[in-house]
Protein chains: 2
Amino acid sequence: MRNVTRQDVARLAGTSPAVVSYVLNDGPRPVAADTRSRVLKAVETLGYRPNQLARALRSQRSNTIGLVVPDSSEAFFTELVHAVEQAAFADGALVLLGNSGFDRERELRYLESLADMQVGGLLLVRSESGAAKGAGRALSELGVPVVHLNHRAPRGARATSVVLANRAGGRTLAEHVIGHGYRRIGCLTGTASSGPVSDRARGWADAMRAAGLDPSPVLRTGLDRRSTREQVKAWLRGPERPEAIVATADGLALDALSAAQETGLRVPGDLAVAGFGGTEPAAHSWPALTTIGRPFADFGRVGVETLKSVQRQAERVPDRVLDVELTVRRSCGC
Amino acid sequence: MRNVTRQDVARLAGTSPAVVSYVLNDGPRPVAADTRSRVLKAVETLGYRPNQLARALRSQRSNTIGLVVPDSSEAFFTELVHAVEQAAFADGALVLLGNSGFDRERELRYLESLADMQVGGLLLVRSESGAAKGAGRALSELGVPVVHLNHRAPRGARATSVVLANRAGGRTLAEHVIGHGYRRIGCLTGTASSGPVSDRARGWADAMRAAGLDPSPVLRTGLDRRSTREQVKAWLRGPERPEAIVATADGLALDALSAAQETGLRVPGDLAVAGFGGTEPAAHSWPALTTIGRPFADFGRVGVETLKSVQRQAERVPDRVLDVELTVRRSCGC
DNA sequence: GTGAAAGCGCTAACAC
DNA sequence: GTGTTAGCGCTTTCAC
């Protein structure tokens with residue numbers, strides 16, 4: 001059944017293979033109405049389905065997009081992957097998914113493999129650490145359109161990116177918490193000195209300074225959840241215990257919730273908490289988490305759209321910065 | 001940079017394109033040691049990378065596998081997708097991901113698109129409802145090896161499946177809860193009358209009957225989380241309130257946890273809860289959820305391995321049933 | 001041990 | 001408006 005070819009269709013329709021193409025692709029040449037219907041009928045009866053591999057090889061454009069994320073099982077990336085997949089499918093494109101596992105080496109191997117598969121474009125979600133190095137160079141040598149998702153493109157890389165309004169969002173989030181009357185508001189964030197998470201922390205600091213509050217209570221933790229919880233517990237038990245915690249990622253905020261729980265502190269009574277990302281788990285935690293983010297469907301859609309623009313335009317496509325919206329729930333003490 | 005072709009390599013190495021293939025594929029013909037090294041050097045200097053599209057088109061085998069799940073943003077599927085991706089990459093294969101959105105129509109459209117892309121094989125995770133209809137037929141006409149993941153293959157479809165030991169697992173889980181001394185143990189499950197979730201419920205009933213307990217407290221709910229919680233709340237407030245709930249999926253158990261929380265019941269003090277799946281959220285709930293499942297890495301690996309067998313063998317590859325293991329946490333009252 | 005040549009299934013000039 | 005033809009970049013048979 002699978003070996004029905006355009007040739008067969010042509011034969012049955014009593015025409016040539018080229019005409020079959022013209023019909024199926026609506027061009028580049030016109031086809032007489034009745035020829036067209038004969039072709040269509042033949043396609044139908046034979047159950048003909050064009051081989052996309054051959055089409056892509058010949059036409060040098062593929063309807064696949066490669067998507068590389070650090071870890072598709074982490075909530076934020078999970079939802080981004082889902083959103084991208086939805087947007088891509090709506091656009092008639094298929095998604096090749098890769099996990100870099102926060103590993104530069106592996107990330108590059110993936111990008112190469114995807115380029116070798118001749119994907120039409122690449123959507124890359126880098127992990128925080130080290131947006132630096134000759135990264136941009138390697139990327140441009142892939143010979144495939146790349147759009148950076150969630151983080152900015154490496155300096156001087158003339159590549160386009162789609163990011164959240166991280167700094168502004170961090171500020172808005174902090175302002176909301178400040179508005180509740182808390183004074184000693186800590187920032188729970190990652191160790192990276194650049195990237196989205198660190199931008200959010202900067203936004204928090206902006207708000208603190210603007211409100212005349214001390215922007216020094218910052219706790220930076222690594223990727224390990226258990227150790228994050230331990231560090232937060234130590235913080236909550238220490239002399240400098242914050243009254244509220246603004247976390248730069250929902251995952252961190254959720255860890256803070258657990259830490260509070262284990263320390264015997266009530267949220268939001270004894271400690272207010274807010275997160276960043278707008279992920280699902282934030283809605284189902286106890287108490288439910290106040291968080292700020294952009295609907296993932298938008299994020300994914302803009303990512304795919306931007307990639308399409310990059311594919312078709314020669315000039316550099318401008319970066320996109322997506323506004324974020326606050327979702328107020330119980331954890332912040334509202 | 002991208003347009004370096006095998007031709008160019010041959011030219012630089014002073015040999016023919018065919019020999020370049022022999023070297024790169026280690027066959028089918030032998031190559032003299034020094035010719036080989038000249039080729040390798042040329043590959044190196046030119047940065048040549050074979051076009052996988054062309055290779056696949058010519059050799060009729062592709063190193064991609066299609067993976068279709070109902071919703072990659074639901075915990076269980078999220079982890080399965082991740083595991084499959086890892087296993088595939090370790091195997092040198094790329095994963096094309098699709099979400100059927102619990103929609104038969106869409107699922108089929110996806111399978112067709114993936115087949116059109118000439119994927120080497122298909123890993124299909126169907127949603128519960130309706131494994132029936134002419135589904136098997138449509139699938140076999142795809143002309144691509146298919147392995148059913150997580151649910152059994154449709155009747156008479158001579159397709160292979162990889163599933164968890166759902167019924168046995170449901171029984172083990174119920175037995176564990178029964179062992180705690182609870183008598184009135186309810187089963188929280190889905191509405192489908194067949195499929196993994198329903199098999200787990202059967203296992204629960206087996207255990208109840210074997211222990212001389214009443215296997216009638218069953219609450220069946222749909223996919224909507226909010227309404228599930230409401231129904232559970234009604235159950236918990238009613239006259240037939242269970243002392244313990246065995247849920248046939250972690251998501252349901254988590255909903256039960258929320259419902260208990262909102263009803264003012266303490267878990268495990270007033271109500272014991274156990275789930276099925278072994279997903280991540282179960283480890284991070286409050287209290288942490290006792291659950292039974294198979295490490296996802298195994299699940300994914302076996303899925304990919306089985307697909308590989310199907311690809312290379314003509315005979316029907318036997319189904320795999322994966323044992324599940326109990327992870328005891330606080331929610332069951334241990 | 002090596003190379004020429006015939007396609008895989010398709011698109012898109014270019015003729016007619 | 002339709003058909004012929006030349007490839008896309010690769011694998012692999014077959015001759016040398």
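We name chains A, B, ... by the order of the sequence lines, and we start the count at 1 in each one. As a basis for the values below, the full set of heavy atoms in this structure was taken, side chains included, without hydrogen atoms, waters or symmetry mates.
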Between [atom2] of [N] and [atom1] of [X], the distance in whole Å:
X       : N       : atom1 : atom2 : result
Q60(B)  : dG9(D)  : CD    : P     : 19 Å
Y48(B)  : dG9(D)  : OH    : C1'   : 7 Å
R49(B)  : dC10(D) : CZ    : C1'   : 16 Å
L24(B)  : dT12(D) : CG    : C1'   : 15 Å
N25(B)  : dG9(D)  : CG    : P     : 17 Å
M117(B) : dG9(C)  : CE    : C1'   : 14 Å
Q52(A)  : dC8(D)  : CD    : C1'   : 15 Å
R38(B)  : dT2(C)  : CZ    : P     : 8 Å

Any non-hydrogen side-chain atom of [X] less than 4.5 Å from a side-chain atom of [Y]?
X       : Y       : value
V9(B)   : L12(B)  : no
F89(B)  : N99(A)  : no
L124(A) : E107(A) : yes

Can you check whether [X] has a side-chain N or O nearer than 4.0 Å to OP1 or OP2 of [N]?
X      : N       : answer
T15(B) : dG3(C)  : yes
S16(A) : dT4(D)  : no
S59(A) : dA12(C) : no
T35(A) : dT2(D)  : yes

Practice item. Indicate yes or no: does D26(A) engage R36(A) in a salt bridge with an N to O separation below 4.0 Å. Key: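 Looking at R36(A) together with D26(A), the answer is yes, because their closest N to O distance falls below 4.0 Å.
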Picking from [options], which would you name as closest to the side chain of [X]?
X      : options                  : answer
A54(B) : dG9(D), dT2(D), dC10(C)  : dG9(D)
L57(A) : dC8(D), dG1(D), dG1(C)   : dC8(D)
R55(A) : dC10(D), dC8(D), dC10(C) : dC10(C)
R29(B) : dG1(D), dC14(D), dT12(D) : dC14(D)
R58(A) : dA15(D), dG9(C), dA6(C)  : dG9(C)
R61(A) : dA12(C), dG3(D), dC10(D) : dA12(C)
Y22(B) : dG9(C), dG3(D), dT13(D)  : dT13(D)

Practice item. Count the heavy atoms of every other residue, nucleotide or ligand shown that sit under 6.0 Å from CZ of R106(B), and state whether that count exceeds 12. Key: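 Count over threshold, so yes.
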Review point. When we call it a touch if two heavy atoms are under 4.0 Å apart, what does A18(B) touch: a base, just sugar-phosphate, or nothing?
Key: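 Base contact - A18(B) has a heavy atom under 4.0 Å of at least one base atom.
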